[in-house]
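Residue numbers run from 1 in the order of the sequence given. Only heavy atoms go into these numbers, but all of them, side chains included; no hydrogens, no water, no symmetry mates.
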Amino acid sequence: PVRFLHNRIWGARKPDLNVCCSGGGNGEAMFIGGPNGTSDPATTGAKYTLVKDNIVEDSQIGISTYWPGVYNNSRIGNIIYKIAKYYSSGNSFALGTGSEYSSEWYFNTVIDANNWASCSGNTNFAMKCNAVIDSGAALGSMGSGTQVDYSTFYGTAEYSTESPDHDLGN
């Protein structure tokens with residue numbers, strides 16, 4: 001298990017590949033993942049991570065998880081603010097996940113993000129009780145067994161997988 005608790009992260013940008021690094025990142029303030037190329041959860045990816053009570057701001061991407069084999073991760077009580085597309089290439093979002101399962105996002109607050117979430121291929125995922133304010137719509141969609149509900153949206157397109165949904169605001 002890995003814990004990211006009570007951090008303050010700001011100003012994440014893509015690196016200048018003319019000066020540094022061999023591939024670089026996409027401007028993620030926080031990235032949780034594993035090696036690409038296999039989907040066997042027993043051998044790859046981050047497992048049992050807790051990302052809690054962090055403040056992330058002024059970055060292209062806030063908190064992101066990707067690669068097959070990433071599961072049982074919790075993002076709870078984070079504040080993600082001013083996530084904007086500083087570079088024309090790539091997406092910009094506050095909370096992102098792909099190919100992740102059996103994980104949860106609870107009690108997060110997203111304010112002024114280009115897109116509040118980016119999701120794809122997630123199964124048995126719980127996204128509940130989040131507050132999203134003045135942000136762009138979520139990108140992508142969730143997979144089977146995923147619950148997105150009981151959140152509050154102000155100045156943001158509502159997103160829910162439940163019927164009837166129990167979201168508030170907007």
Roughly how far, to the nearest 0.5 Å, is CD1 of Ile76 from CG of Asn108? 8.0 Å
Listed partners of Asn115 passing side-chain contact (heavy atoms from CB on, under 4.5 Å), at least two apart: Phe93, Leu139
Transitively linked via ILVMFWY side-chain contacts under 4.5 Å: Ile63 with Ile9? yes
Check: Val51 main-chain N/O paired with Asn78 side-chain donor or acceptor under 3.5 Å: yes
Check: Ser135 main-chain N/O paired with Thr156 side-chain donor or acceptor under 3.5 Å: yes
Pair Lys82 + Asp134, salt bridge at N-O below 4.0 Å: no
Separation between OH of Tyr81 and CG of Asp58, rounded to the nearest 0.5 Å: 9.0 Å
Should Leu95 and Ile80 count as side-chain neighbours, where that means a heavy-atom distance under 4.5 Å? yes
Any side-chain donor paired with an acceptor under 3.5 Å for Glu104 and Ser74? yes
Which atom of Ala84 lies closest to which atom of Asn114, heavy atoms considered: CA-CB, 4.3 Å
Gap separating the OH atom of Tyr86 from the OG atom of Ser92, nearest 0.5 angstrom: 8.0 Å
Does some side-chain heavy atom of Phe125 sit less than 4.5 Å from a side-chain heavy atom of Thr97? yes
Between Tyr48 and Asn73, which heavy-atom pair has the shortest distance, and what is it? N-OD1, 3.9 Å
Spacing of OH belonging to Tyr106 relative to CE belonging to Met127, to within rounding of 0.5 Å: 11.5 Å
So, using side-chain contact (heavy atoms from CB on, under 4.5 Å) as the criterion, who are the partners of Ser59 when residues are at least two apart? Ala12, Ala29, Ile83
If you take all heavy atoms of Gln60 and Lys85, which pair is closest and at what distance? OE1-C, 3.9 Å
So, for Phe4 and Asn54, which heavy atoms are closest and what is the spacing to 0.1 Å? O-ND2, 3.1 Å
Minimum-distance pair of heavy atoms, taken over all atoms of Ser151 and Cys129: OG-N, 3.5 Å
Atom pair CD/OG1 of Glu158 and Thr152 - distance to nearest 0.5 Å: 9.5 Å
Taking the side chain as every heavy atom from C-beta outward, state whether Leu5 and Asp53 have any pair of such atoms under 4.5 Å apart. no
In terms of hydrophobic clustering (I, L, V, M, F, W, Y; side-chain heavy atoms under 4.5 Å; direct or indirect links), are Ile61 and Ile111 co-clustered? no
